[in-house]
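Below is one structure, written out as structure tokens; the observations come after it.
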Amino acid sequence: MPDAPERTTSPDEPRFRYTPTLAQQIELRWQDIWEERGTFHAANPQGRLTGPGGSPAAGDPYFIMDMFPYPSGAGLHVGHPLGYIATDVTGRFRRMRGDNVLHALGYDAFGLPAEQYAVQTGQHPRTTTEANIGNMRRQLRRLGLGHDSRRTFATIDPEYVRWTQWIFLQIFESWYDADAERPGPVTGAGDGRGRARPIAELRAELAAGTRPVPGHDGDNAGGAVWAALSEPEQRDVIDGQRLAYVDSSPVNWCPGLGTVLANEEVTADGRSERGNFPVFQRNLRQWKMRITAYADRLTDDLELIDWPEKVKSMQRNWIGRSTGANVRFDVVGTAEGDPAGAAGSLEVFTTRPDTLFGATFMVVAPEHPLLDEVPAAWPDGTRSAWTGGYDTPVEAVAAYRREASAKTAVERQADAGKKTGVFTGHLAVNPVSGLQVPVFTADYVLMGYGTGAIMAVPGGDERDFAFAEAYDLPVIYTVEPTGGLPEDHTGAYAGDGVAVRSANDEISLDGLGVVEAKAKIIAWLESKNIGEGTTTYRLNDWLFSRQRYWGEPFPVVWDEDDRPVAIPDAMLPVDLPDVPDYAPRTFDPEDANSEPEAPLGRNDDWVHVTLDLGDGPKKYRRDTNTMPNWAGSCWYYLRYLDPAETSAAALPELEKYWLGPQHNPTSGPAGGVDLYVGGVEHAVLHLLYARFWHKVLFDLGHVTGVEPFGKLFNQGYIQAYAYTDSRGQYVPAEEVEGDEQSGFTWQGQPVNREYGKMGKSLKNVVTPDEMYEQYGADTFRVYEMSMGPLDLSRPWETRAVVGSQRFLQRLWRNVVSEETGELTVTDDEPDTATLRAVHRTIADVRVEMENMRPNTAIAKLITLNNHLTGLSAVPRTAVEPLVLMTAPIAPHIAEELWSRLGHEESLAHAPFPAADDQYLVQDTVTCVVQVQGKVRARFEVAPDISAEDLEATALAEPNVVKFLDGRGVRKVIVRAPKLVNIVPA
RNA sequence: GCCGGGUUGGCGGAACAGGCAGACGCGGCGCUCUCAAAAAGCGCUGCCCGCGAGGGCGUGUGGGUUCGAGUCCCACACCCGGCACCA
């Protein structure tokens with residue numbers, strides 16, 4: 001039986017009780033008043049955006065931001081607004097403290113789900129997306145968020161797209177000069193060198209001959225080498241240096257979605273994060289961004305920002321910096337009739353160059369180019385176990401490569417640890433020992449990391465050891481702990497120790513520790529020009545194109561030589577064309593050999609154009625890719641400064657004021673948004689990409705700080721229980737009865753409880769609209785904020801919401817008569833106990849709010865409110881501070897009470913109460929007496945009691961005497977006035 | 001395996017800097033008001049023993065430091081999240 005006692009106003013309920021109906025009236029009215037008065041308008045230091053009533057900027061700028069929503073068609077559930085309420089509470093608090101608070105909300109509206117939803121409903125994505133934004137705006141407005149409505153926008157707005165494309169072109173028209181001096185803070189081991197510079201400067205330096213021509217030998221003095229190149233050759237050189245570039249390399253192709261994806265959008269088991277389709281590695285010509293040029297700065301500058309350690313470490317891991325050396329091994333032609341002859345050299349990356357003497361074989365990834373040619377016959381000494389049963393290396397390698405490419409990421413992962421591989425027939429020369437070592441190919445070496453080849457040191461690496469064991473390869477231990485390895489030692493030794501067996505005629509590492517040995521061998525390798533110290537990253541360049549309709553078109557056309565040409569700024573934005581069909585061309589998810597087909601290519605008139613880009617009308621082909629939806633979220637914080645600005649993405653003066661380094665007392669040297677709240681799911685996606693773009697913009701002089709987000713806060717998620725019946729079907733959660741002890745039932749039958757997300761299919765969704773209806777927005781806000789600390793995930797429990805409602809009802813009743821609606825407060829002086837309670841609460845609530853702990857702030861407000869409830873009459877001077885302190889959390893009821901208390905101005909800008917110290921001192925405090933650490937007595941004493949008096953009083957306590965039980969006193973610890981601890985003899 | 005976070009009543013959670021464990025809320029129990037119920041108000045509510053005064057136990061487990069440990073140190077177990085054959 002559903003038990004749903006609808007809580008509506010019953011006839012005999014007092015007329016002026018704070019009911020859901022009244023709450024709703026109050027809330028809607030104040031929302032209109034705020035909007036009319038522009039209460040939450042933040043004032044820019046200059047220009048058209050001013051504060052409430054046209055006021056100029058005053059107070060410290062404080063920029064607070066949410067990760068903006070993606071307007072899906074599903075609507076909101078009660079979990080979504082959690083972060084928005086939290087930022088609103090903080091913003092309202094800071095505003096009352098006198099800060100100039102910038103808080104607004106835009107919409108992240110391009111992307112796959114919006115497109116899929118549109119395809120499903122058969123409407124244009126713009127239509128459905130705009131409808132979704134409208135719906136979401138309505139639901140959020142009802143929450144009473146104190147946003148500056150003049151500053152909202154969506155990433156699909158043509159003016160916004162224009163600047164997204166402009167930033168793309170800034171990146172396209174830049175290159176990374178690793179030697180250029182860089183302004184701004186120096187972090188990590190960095191030398192403050194390396195920054196993006198305009199391509200025009202590169203071209204000028206190449207022409208002037210002050211810089212060698214990349215990829216072309218010869219002395220470019222006077223620009224001779226450069227001048228000798230043809231114009232197309234020059235353009236190829238330039239295009240190869242751009243921070244946004246097109247190249248053909250292995251990318252993630254997802255036939256099920258019909259698009260390529262960035263590494264960050266592919267899960268560890270090789271599937272698309274969205275849709276969970278298989279992803280295949282394919283060589284395709286695609287746009288990339290040279291994020292790897294920023295790998296060091298992206299790692300090191302994490303020191304400058306106040307972010308959760310978890311997110312910082314996820315970014316560090318993702319970038320995956322490791323230092324070591326590249327070492328080149330000569331590869332020898334071996335068998336007679338080997339067509340390859342001397343096959344040149346094989347370069348490996350190692351973090352342990354000090355173990356070079358222990359390299360007894362080598363391994364290259366199956367995709368490694370060395371395998372394109374292998375010896376025709378097995379060299380002498382080839383063991384049968386190495387050949388995989390094939391007669392020639394050619395067959396063996398071909399078979400292994402086939403096998404490896406057919407393996408999915410899942411299989412590859414499942415096989416991790418189990419070593420497979422095959423001898424390639426190649427032999428290489430260990431440059432320090434002179435030994436010829438066999439070159440294997442095995443899939444435990446990845447082409448995408450380092451050089452795709454390793455020197456295998458089975459004595460020092462577990463994986464190499466496992467391979468050596470499987471293929472019967474020699475093991476040399478070159479590092480031993482002091483005292484040597486035990487007789488029965490088996491497996492690799494990867495621990496600390498000193499080098500042994502590591503000497504030749506020219507160099508000896510023996511006796512050196514790992515660190516010293518590394519330095520020495522690197523110096524030696526460099527002197528012989530067979531290797532050098534280097535740093536490698538797990539991070540790869542960011543794949544930036546998508547074969548989708550619903551995204552920003554690239555502001556680039558291709559000329560008749562098939563080289564990219566930027567669209568001039570004045571011709572931006574490049575709008576999305578009308579196409580007959582905007583659905584992506586998707587394929588059988590398993591069909592790795594399908595080819596991406598961009599929907600923008602379906603409009604010939606749009607694709608093939610004649611444009612005058614400054615050198616007369618010419619024929620061009622437009623780029624038919626679109627940008628990933630991360631593009632819009634990479635810079636939206638800048639647009640809040642003034643979304644209507646037409647001369648720049650963001651005006652420098654505004655950027656400096658709101659985002660620059662030290663723009664307020666708590667802003668750090670990197671500057672950035674003062675508080676950025678959102679879920680942790682974007683740790684290596686949006687948050688990494690946005691930092692990258694920001695650094696490019698910094699290098700090019702468009703922003704003054706090196707980081708976009710000074711402080712990041714990850715809010716927890718609201719979870720919910722879901723229930724399944726005996727067949728495993730979900731049943732409506734709101735109709736389930738019972739509890740943990742008695743068990744849960746639905747319509748009389750026992751059901752199973754699960755804990756997790758809220759979702760339609762789980763039949764446990766609770767919507768904000770239901771909460772507005774049944775309790776009002778203020779109660780909903782109080783409940784969400786009181787559930788626990790903001791960074792913790794916790795279960796939603798609708799029946800507990802009533803506690804928050806009772807609090808507000810009691811607060812209402814402390815000011816207004818439920819019977820008559822008249823004000824009930826008195827102008828009498830509060831008694832001392834009340835004054836103390838008020839000022840204690842003020843002092844505490846300030847601290848809790850400063851530290852973003854609304855849950856404990858609410859607890860203290862409730863305590864004060866309950867104290868006032870117990871009084872025969874509530875003094876105005878006691879309840880007014882309470883109303884003000886409640887305002888950030890429950891703003892509507894607070895405004896209403898404030899206005900009924902006779903104040904004409906909104907309290908949104910009223911000063912937050914300040915505690916008067918004289919009421920914070922108690923005239924008595926409770927002293928606790930412990931005997932051996934256990935509390936045995938307590939009594940009231942004056943706060944300034946002397947240690948001697950306190951000790952004497954404590955020792956005289958009857959219960960203390962009883963527990964001392966005649967034993968003497970060994971020691972007395974006195975912490976006047978609160979504690980005495982007596983240690984018996 | 002590595003990295004990050006966590007484990008406190010029936011439930012969500014408090015506890016500043018090592019000093020009264022369990023604030024506040026939900027739920028539960030009792031009382032007041034009421035013809036009755038709801039709402040509201042008041043009181044109690046960690047577990048165990050005891051009529052009571054009171055006592056014993058108690059913050060995942062085991063040890064340690066300390067006059068005193070939820071808090072600090074060591075070891076372990078379990079849970080959540082991330083990464084994972086990254087050379």
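Letters go in sequence order (proteins before strands), and every chain restarts at 1.
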### Arg794(A)/Glu784(A) salt bridge by N-O under 4.0 Å criterion
no

#### Entry: N-O pairing of Glu532(A) and Arg328(A) below 4.0 Å
yes

### Task
Classify the side chain of Lys310(A) versus the base of C3(B) as yes if they form a donor-acceptor pair under 3.5 Å and no if they do not.
no

### Message
Would the base of C26(B) count as contacting Arg799(A) through its side chain, where contact means a donor and an acceptor less than 3.5 Å apart?
### Response
no

Let me know the distance between [atom1] of [X] and [atom2] of [N], rounded to the nearest Å.
X: Lys978(A); N: G18(B); atom1: NZ; atom2: P; value: 15 Å
X: Asn317(A); N: C85(B); atom1: CG; atom2: P; value: 13 Å
X: Leu792(A); N: G12(B); atom1: CG; atom2: P; value: 10 Å
X: Phe744(A); N: G27(B); atom1: CZ; atom2: C1'; value: 12 Å
X: Asn263(A); N: C83(B); atom1: CG; atom2: C1'; value: 14 Å
X: Trp318(A); N: G81(B); atom1: CH2; atom2: P; value: 19 Å
X: Glu462(A); N: A84(B); atom1: CD; atom2: C1'; value: 15 Å
X: Leu790(A); N: G5(B); atom1: CG; atom2: P; value: 19 Å

### Task
By nearest nucleotide on RNA chain B, pick out whichever of Gly788(A) and Asp461(A) is the more 5' one.
Gly788(A)

#### Entry: First encountered from the 5' end of RNA chain B, between Met447(A) and Met787(A)
Met787(A)

#### Entry: Contact pattern, 5' to 3', of nucleotides 45-57 of chain B - B, S or - by protein heavy atom under 4.0 Å
----------SSS

Counting the atoms with a prime plus P, OP1 and OP2 as sugar-phosphate, which does [X] contact under 4.0 Å by heavy atoms, base, sugar-phosphate, or nothing?
X: Val311(A); value: nothing
X: Ser793(A); value: sugar-phosphate
X: Pro789(A); value: sugar-phosphate

### Message
Could you work out, with salt bridge (Lys or Arg N to Asp or Glu O under 4.0 Å) as the rule, every residue matching Arg321(A), not counting sequence neighbours?
### Response
Asp296(A), Asp300(A)

Keeping the roles fixed (side chain from [X], backbone from [Y]), state whether a donor-acceptor pair exists under 3.5 Å.
X: Ser272(A); Y: Asn276(A); result: yes
X: Tyr537(A); Y: Tyr449(A); result: no
X: Asp778(A); Y: Ile893(A); result: yes
X: Arg836(A); Y: Val921(A); result: yes
X: Asn326(A); Y: Thr535(A); result: no

### Listed partners of Tyr444(A) passing ring pair (Phe, Tyr, Trp, His ring centres under 6.0 Å), at least two apart
Phe467(A)

Filtered N/O pairs between nucleotides 67-69 of chain B and protein, under 3.5 Å:
| residue | atom | partner | partner atom | Å |
| --- | --- | --- | --- | --- |
| C67(B) | O2' | Asn981(A) | ND2 | 3.4 |
| C67(B) | O2 | Asn981(A) | ND2 | 2.3 |

### Task
For the side chain of Leu446(A), starting at C-beta, report the closest nucleotide among G4(B), A87(B), C20(B).
A87(B)

### Query
Considering only C85(B), A84(B), A87(B), which nucleotide approaches the side chain of Arg538(A) most closely?
A84(B)

Between atom [atom1] of [X] and atom [atom2] of [Y], what is the distance when rounded to the nearest 0.5 Å?
X: Trp307(A); Y: Gln315(A); atom1: CH2; atom2: CD; value: 5.0 Å
X: Leu790(A); Y: Asn851(A); atom1: CG; atom2: CG; value: 11.5 Å
X: Glu265(A); Y: Leu685(A); atom1: CD; atom2: CG; value: 6.5 Å

### Message
Do Arg936(A) and Asn959(A) pair up side chain to side chain, a donor and an acceptor below 3.5 Å, judged on atom types alone?
### Response
no

Pairwise [atom1] distance, [M] and [N] [rounded to whole Å]:
N: G64(B); M: G18(B); atom1: C1'; result: 15 Å
N: C72(B); M: U59(B); atom1: C1'; result: 16 Å
N: U65(B); M: G12(B); atom1: P; result: 35 Å
N: C57(B); M: G70(B); atom1: P; result: 13 Å
N: C11(B); M: C16(B); atom1: P; result: 23 Å
N: C83(B); M: A23(B); atom1: C1'; result: 39 Å
N: A14(B); M: A21(B); atom1: C1'; result: 10 Å
N: C78(B); M: U61(B); atom1: P; result: 15 Å

### Task
Tell me whether the OP1 or OP2 atom of G82(B) has a side-chain N or O from Arg316(A) closer than 4.0 Å.
no

### Query
When you measure from the centre of the six-membered ring of Trp812(A), is the NZ or CZ of Arg17(A) under 6.0 Å away and within 45° of the axis?
no

### Task
I would like to know whether Tyr775(A) and Phe780(A) meet ring pair (Phe, Tyr, Trp, His ring centres under 6.0 Å); could you show each step before the answer?
CA-CA 7 Å; Tyr775(A) 299 95; Phe780(A) 176 50; 9.3 Å; no

## Note on the structure
Given Watson-Crick and G-U pairs under 3.5 Å, RNA chain B in dot-bracket ([ ] crossing, | other strand) is (((((((..(((......[....)))((((((.......))))))((((....))))..(((((..]....))))))))))))....

### Glycosidic class, syn or anti, of G9(B) using a 90° window around 0
syn

Atom pairs under 3.5 Å, N or O on each side, protein against nucleotides 22-25 of chain B: can you list them with distances?
| residue | atom | partner | partner atom | Å |
| --- | --- | --- | --- | --- |
| G25(B) | OP1 | Asn866(A) | ND2 | 3.3 |

### Task
Go through Asp443(A) and Glu403(A) one step at a time and tell me if the side chain to side chain contact (heavy atoms under 4.5 Å, CB included) criterion holds.
CA-CA 10 Å; Asp443(A) 64 2; Glu403(A) 201 183 303; over 6 Å; no

